[in-house]
J.: 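One structure is given below, represented as structure tokens, and several questions about it will come after.
These values consider heavy atoms only, across backbone and side chains, with no hydrogens, waters or symmetry-generated copies.
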Amino acid sequence: MISWRRLDEPDFPLLRRWLEQPHVARWWNHETSPEAVARDFGPAARGEEPSEDLLMLLDGEPFGLVQRYRFADYPEYAAELAGQFEVPEGAMSIDYLIGDPPLVGRGLGTRMIQAVVQATWPDHPEATTVLVPVHAGNLASWRTLEKAGLRRVAEVSLAPDNPIDDRAHHLYRIDRPAAGGR
């Protein structure tokens with residue numbers, strides 16, 4: 001069973017290990033010192049930043065992370081995308097990772113994304129859509145989004161998370177189901 005809770009400061013050593021894993025580091029390109037992890041994830045963990053950092057659990061054991069946020073809370077990011085694609089009012093986004101290498105490729109990413117997206121609608125009544133830009137070279141990530149029910153709606157040029165990458169991104173979207181829908 002997949003569930004989640006808010007990431008908390010005692011989880012930072014685990015998150016740090018995940019960020020150091022080659023399959024995560026390739027796309028997240030994040031500093032992994034204890035100070036960097038505390039600097040970058042501490043504000044959300046303490047409720048000082050509007051994003052939600054969700055520690056994903058499989059049968060109660062941590063296996064991944066989803067960051068869920070409203071584009072309206074990060075206007076510079078929304079502006080970069082809005083110049084190429086209309087960002088609807090109420091749009092949200094997610095970033096995600098599976099931390100432990102043995103758990104990669106087992107369908108957990110798809111299930112994790114489906115669960116968080118489905119929970120977004122009741123958790124955020126103002127949310128209209130979830131937009132997820134993913135680097136065009138990250139085949140595993142964009143295939144996971146497709147398996148989770150998101151559809152590719154645009155090709156966009158965005159600053160990459162990893163400076164070795166170009167700016168090519170696919171943009172995926174899923175809309176709030178109509179009333180009475182799934």
J.: Identify whether W142 and V153 are in the same connected component of the hydrophobic contact network (ILVMFWY, side-chain heavy atoms under 4.5 Å).
T.: no
J.: Would you say that more than 12 heavy atoms from the other residues, nucleotides or ligands in this model lie under 6.0 Å from the CD of E86, or not?
T.: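 For E86, atom CD is not crowded (no more than 12 foreign heavy atoms under 6.0 Å).
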J.: E155 and H170: side-chain donor and acceptor closer than 3.5 Å?
T.: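 Yes, because at least one side-chain N or O of E155 sits under 3.5 Å from a partner of the opposite role on H170.
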J.: Please determine if D175 and R173 form a salt bridge, counting it only when a charged side-chain N lies under 4.0 Å from a carboxylate O.
T.: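 Here D175 pairs with R173 in a salt bridge, since their nearest N and O are under 4.0 Å apart.
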J.: Same cluster for L145 and Y77 if Ile/Leu/Val/Met/Phe/Trp/Tyr side chains link at under 4.5 Å?
T.: no
J.: Please answer: with hydrophobic residues joined when any side-chain heavy atoms are less than 4.5 Å apart, are L103 and V24 in the same cluster?
T.: no
J.: Does the side chain of D166 come under 3.5 Å of the side chain of H135 through a donor N or O and an acceptor N or O?
T.: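 Per modelled atom types, D166 and H135 side chains form a pair under 3.5 Å.
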J.: Can you measure from CH2 (W27) to CG (L97) and round to the nearest 0.5 angstrom?
T.: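 Between W27 CH2 and L97 CG, I get 14.0 Å after rounding to 0.5 Å.
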J.: Do the charged groups of R5 and D11 touch, with an N to O distance under 4.0 Å?
T.: yes
J.: Same cluster or not: are M56 and Y69 linked, directly or through other Ile, Leu, Val, Met, Phe, Trp or Tyr residues, by side-chain heavy atoms under 4.5 angstrom apart?
T.: no
J.: Tell me yes or no: between the side chains of R176 and T128, is some donor less than 3.5 Å from an acceptor?
T.: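 Short answer, no.
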J.: What's the separation between atom OG in S93 and atom OH in Y172, rounded to the nearest 0.5 Å?
T.: 13.5 Å
J.: Give, for atom CG of L65 and atom CG of D95, the distance between the pair rounded to the nearest 0.5 Å.
T.: 8.5 Å
J.: Indicate, with yes or no, if the rings of F85 and H169 have centres closer together than 6.0 Å.
T.: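 No, too far apart.
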J.: In terms of hydrophobic clusters joined by side-chain contacts under 4.5 Å, are Y96 and F12 together?
T.: no
J.: Indicate yes or no: does E20 engage R17 in a salt bridge with an N to O separation below 4.0 Å.
T.: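 Looking at E20 and R17, the cut-off is not met.
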J.: So how far is it from E61 CD to S3 OG, rounded to the nearest 0.5 Å?
T.: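 Answer rounded to 0.5 Å: 10.0 Å.
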J.: Is it the case that H30 and D40 place a side-chain donor and acceptor less than 3.5 Å from each other?
T.: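 Checked: H30/D40 side chains pair up, N/O donor to acceptor below 3.5 Å.
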J.: Inspect the surroundings of CD in E126 and state if more than 12 heavy atoms from other residues, nucleotides or ligands are less than 6.0 Å away.
T.: yes
J.: Could you give the distance from CG (L55) to CH2 (W4), rounded to the nearest 0.5 Å?
T.: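 Here the rounded value is 12.0 Å.
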J.: So, applying side chain to side chain contact (heavy atoms under 4.5 Å, CB included) with I113, which one of V130, V132, L150, I174 is it?
T.: L150
J.: Where do R106 and D100 land on the salt bridge (charged side-chain N to carboxylate O under 4.0 Å, His left out) test, with the steps shown first?
T.: CA-CA 11 Å; R106 296 180 47 196; D100 291 322; over 6 Å; no
J.: Verify side chain to side chain donor-acceptor pair (under 3.5 Å) between S51 and R68, making sure each step is shown before the conclusion.
T.: CA-CA 6 Å; S51 70; R68 183 169 62 177; over 6 Å; no
J.: Supply the atom-to-atom distance F63 CZ to I98 CD1, rounded to the nearest 0.5 angstrom.
T.: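 CD1 of I98 is found 5.0 Å from CZ of F63.
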J.: Distance only, no hydrogens: is a donor on one side chain within 3.5 Å (strictly under) of an acceptor on the other, for E80 and Y74?
T.: no
J.: Ion pair present between E146 and R151, side-chain N to carboxylate O less than 4.0 angstrom?
T.: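 Looking at R151 together with E146, the answer is no, because their closest N to O distance does not fall below 4.0 Å.
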